[in-house]
There are 2 protein chains.
Amino acid sequence: MIDNLDYKILEILQKDNLTPQREIGDKIGLSAPAVQRRIKKLRDEGIIEKDISIIDRDKIGSNVTVLVEIFLERKKIEEIDLLKKEFSCVPEIQQCFHITGESDFFLVMVVPSMTYYESITRTLFFGNENIKRFRTSVVMGISKNSLEIPLNVSL
Amino acid sequence: MIDNLDYKILEILQKDNLTPQREIGDKIGLSAPAVQRRIKKLRDEGIIEKDISIIDRDKIGSNVTVLVEIFLERKKIEEIDLLKKEFSCVPEIQQCFHITGESDFFLVMVVPSMTYYESITRTLFFGNENIKRFRTSVVMGISKNSLEIPLNVSL
DNA sequence: AATGAAATGAGAGCGCG
DNA sequence: CGCGCTCTCATTTCATT
């Protein structure tokens with residue numbers, strides 16, 4: 001269904017999706033239209049979810065990144081789904097992981113200040129009776145920040 | 001230096017960087033060349049870090065996402081920097097946060113299996129004498145996964 | 001069914017006023 | 001900044017294997 005050439009294309013696009021199709025073709029030994037057809041298929045099938053620009057958060061106003069671990073009172077699937085949906089709507093929440101272990105959710109958040117974070121916790125966490133407690137870590141530095149999937153293909 | 005129109009452009013590009021410049025121009029009330037000049041400036045200044053395709057990890061082989069919290073023995077800046085550099089080279093590590101609080105690092109990793117993860121921990125964590133202990137959480141589901149920065153601009 | 005070559009069309013890039 | 005040009009690149013068509 002998805003062969004080695006597709007993997008090679010994905011490997012290139014997840015590093016730089018503005019790479020010309022002809023250039024991709026040269027690298028993997030295919031013509032530009034062939035590459036184009038494969039990319040279209042990958043998009044149609046949702047294997048390529050989206051195409052985005054990554055913004056340097058340090059160069060754009062003052063932003064604080066915080067990590068939040070959340071411990072729930074009740075862990076029924078309906079309650080989990082409810083929280084997922086609620087968190088998804090909050091723009092300050094970049095990433096939301098539902099996890100196993102001691103805690104139940106893990107969030108990566110970006111806020112303009114700690115004061116702002118404090119105020120947002122009041123409604124988002126303290127205001128939710130199903131959240132038993134939460135633990136906040138402040139990020140000092142980000143040395144790697146990508147969503148690249150390891151594909152193990154060589155160009 | 002960077003005005004409201006730039007913010008609006010960033011807001012669009014961080015959702016979809018394949019949006020035509022003319023379409024962006026229509027939305028924010030600018031001509032296509034003007035948009036292009038601004039985008040070029042944003043790229044040159046590194047405010048736009050990179051442009052990438054996001055791949056759906058669930059549709060591409062079997063992948064397990066794990067979160068790792070790391071507690072260090074010594075927390076000198078040289079030791080921190082050394083670890084940052086080491087972690088950055090590991091393709092399975094998507095994100096590496098240096099944090100304050102009880103623990104020192106937080107990693108988001110993507111691995112083909114838990115067996116693979118177990119073997120990678122042997123060299124990466126157990127093999128490092130500065131890592132006191134680490135705590136692993138397995139991700140059951142990801143309900144939000146973006147690197148969008150909240151910009152608070154309305155289109 | 002998937003490919004490559006050639007033709008078409010859309011969009012990026014650049015100089016001009 | 002907008003206008004209009006040029007050129008690159010994406011996309012379609014079509015013949016071929």
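In the text below, chain A, chain B and the rest are named by the order of the sequence lines, each starting its count at 1.
Taking 4.0 Å as the cut-off between side-chain N and carboxylate O, Arg122(A) and Glu118(A) count as a salt-bridged pair.
Under the 4.5 Å side-chain criterion, counting only non-hydrogen atoms from C-beta, Lys41(B) is not in contact with Ile2(B). Side chains of Leu107(A) and Glu69(A) form no contact here, defined as non-hydrogen atoms less than 4.5 Å apart.
Here dG11(C) presents its C1' atom at 12 Å from CD of Glu23(B), a figure rounded to the nearest Å. Atom NZ in Lys40(A) sits about 13 Å away from atom C1' in dA10(D), given to the nearest Å. Atom C1' of nucleotide dG11(C) and atom CG of Leu13(B) are separated by 15 Å, given to the nearest angstrom. Here dA10(D) presents its P atom at 12 Å from CD1 of Ile9(A), a figure rounded to the nearest Å. Here dT3(C) presents its C1' atom at 14 Å from NZ of Lys41(A), a figure rounded to the nearest Å. Regarding Ile39(A), its CD1 atom lies at a distance of 13 Å from the P atom of dT12(D), rounded to whole Å. The distance between atom CZ of Arg22(A) and atom C1' of dG4(C), rounded to the nearest whole Å, is 15 Å. At whole-Å resolution of the value, CD1 in Ile24(B) and P in dG11(C) are 12 Å apart.
Not one side-chain nitrogen or oxygen of Arg38(A) sits closer than 4.0 Å to the OP1 or OP2 atom of dA2(C).
Between dG11(C), dA12(C), dT11(D), one nucleotide has an atom nearer to the side chain of Gln21(A) than all others, and that is dT11(D). Residue Gln36(A) places its side chain closer to dA10(D) than to any other of dA10(D), dG4(C), dC1(D). Comparing dT11(D), dC9(D), dC1(D) against the side chain of Pro33(A) picks out dT11(D) as the nearest. Of the candidates dG2(D), dC14(C), dC1(D), the closest approach to any side-chain atom of Ser31(B) belongs to dG2(D).
With hydrogens and angles ignored, no donor-acceptor pair closer than 3.5 Å exists between the side chain of Arg37(B) and the base of dG13(C).
In Lys15(B), the NZ atom is crowded: over 12 heavy atoms of neighbouring residues, nucleotides or ligands sit closer than 6.0 Å.
Between Phe105(A) and His98(A), the ring planes are tilted. Angles from 30° to 60° get that label.
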